[in-house]
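To start, the structure itself, in structure tokens.
A quick note: this is a predicted structure, and the numbers were derived from the prediction, not measured. Throughout, protein chains are lettered first and strands after them, A, B, ... in sequence-line order, and every chain is numbered starting at 1.
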2 protein chains.
Amino acid sequence: MDLFRQKCKEYNLKTTPQRVVIYNEIRNSKEHPCTDNMFKKVRRIFPDISFDTVNRTLLTFTEIGILNVVEGYGGPKRFDPDLNNHHHFWCIRCNNIIDLYNKSYDNMKIVKGVQKGFTVLRKKVILEGICNKCNRRD
Amino acid sequence: MDLFRQKCKEYNLKTTPQRVVIYNEIRNSKEHPCTDNMFKKVRRIFPDISFDTVNRTLLTFTEIGILNVVEGYGGPKRFDPDLNNHHHFWCIRCNNIIDLYNKSYDNMKIVKGVQKGFTVLRKKVILEGICNKCNRRD
DNA sequence: CTCGGTGCAAAATGTTTGCAAGTAC
DNA sequence: GTACTTGCAAACATTTTGCACCGAG
């Protein structure tokens, strides 16, 4: 919440009730929701909010760095409230994303080809496959 | 081309002229085109093809494993003709994807949390940042 | 000849924009 | 009071679906 207020001040954003609710909901989220998921969640608390506001707010949050967008395959955007360095396992069947925390992944070196002239902001490992639940279901 | 014919046989797909053209174009592509890029490319060779066929064919190709879809952030799907193990640098400004080849990335271990019950089909490293061209442009 | 593939048009899905009215500061 | 935000509606972009016709095997 401090981060939120601080960033709002920094970027001249007003702390509207809508933004507060969206911030709290995504912070408390353990998943990687898409905009529509967030809209449904937020509307339980703030029934008159528009989809539009949720969408714009999520994009604004990624711009000011209190949220990340995570990799997907062309479907709806998905957001990640965890700003710590972490990695993902992606189930290609149920589309679930599982967070992975691993020091050796974090410490991975940046390959030479990318160093000159490039700025690397984030580096992450993505594992793709079938999760335990989907495997069990077969 | 052999891979193409073999896979078509395997999955009972007909080798239509449309599919042949699409296959050749994506194979010769050094980029990571989206469906619309492919449509434009293919239409130069096969002017009467529909967008629809290109889209369906690309999806079919990913299903039979002669193409991969690559990670994105909710925009149009992008395809990758390179089936070898490789990694990506992603410019968040110009949206360009640069292929990275690196043995130590290839040899990365799979973390323990994912081993029981999970099937890992692919693993890759994604670097996100600003590419040399975009940096120069500032 | 037959079944899968194509092209078209329409629908569905997801995102963005323009603007009048509202509200945080 | 003013500038930023919101909600709405319409536009846009991308993908998917249904179906009649076509053509590769």
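For dT5(D), the OP1/OP2 oxygens have no side-chain nitrogen or oxygen of Thr16(A) closer than 4.0 Å. Residue Arg56(A) places no side-chain N or O under 4.0 Å from the OP1 or OP2 atom of dT16(C). At the phosphate of dT6(C), neither OP1 nor OP2 sits under 4.0 Å from any side-chain N or O atom of Thr53(B). Distances shorter than 4.0 Å separate none of the side-chain N or O atoms of Thr35(B) from OP1 or OP2 on dT14(D). Between Gln18(A) and dA24(C) there is no side-chain N or O to OP1 or OP2 distance below 4.0 Å. Side-chain N/O atoms of Thr15(A) include one lying less than 4.0 angstrom from OP1 or OP2 on dC25(C).
Remark: P of dG14(C) and CG of Asp52(A) are 16 Å apart, rounded to the nearest angstrom. Rounded to a whole Å, the CG atom of Asn95(B) is 16 Å from the P atom of dA13(D).
Contact annotation: the side chain of Lys112(B) never approaches that of Ile110(B) to less than 4.5 Å [non-hydrogen atoms, C-beta and beyond]. Between Glu10(A) and Lys7(A), some side-chain heavy-atom pair lies under the 4.5 Å cut-off.
In the set dG7(C), dT6(C), dT15(D), the nucleotide with an atom closest to the side chain of Phe46(B) is dG7(C). Side chain of Leu13(A), nearest nucleotide from dT6(D), dT5(D), dG23(D): dT5(D).
For the residue pair Asp80(B)/His86(B), the side-chain donor-acceptor check at 3.5 Å is satisfied.
Among the atoms of the strands shown, none is found under 4.0 Å from any heavy atom of Asp36(A).
The existence of a salt bridge linking Glu31(B) and Arg78(B) is excluded, since no basic side-chain nitrogen approaches an acidic carboxylate oxygen closer than 4.0 Å.
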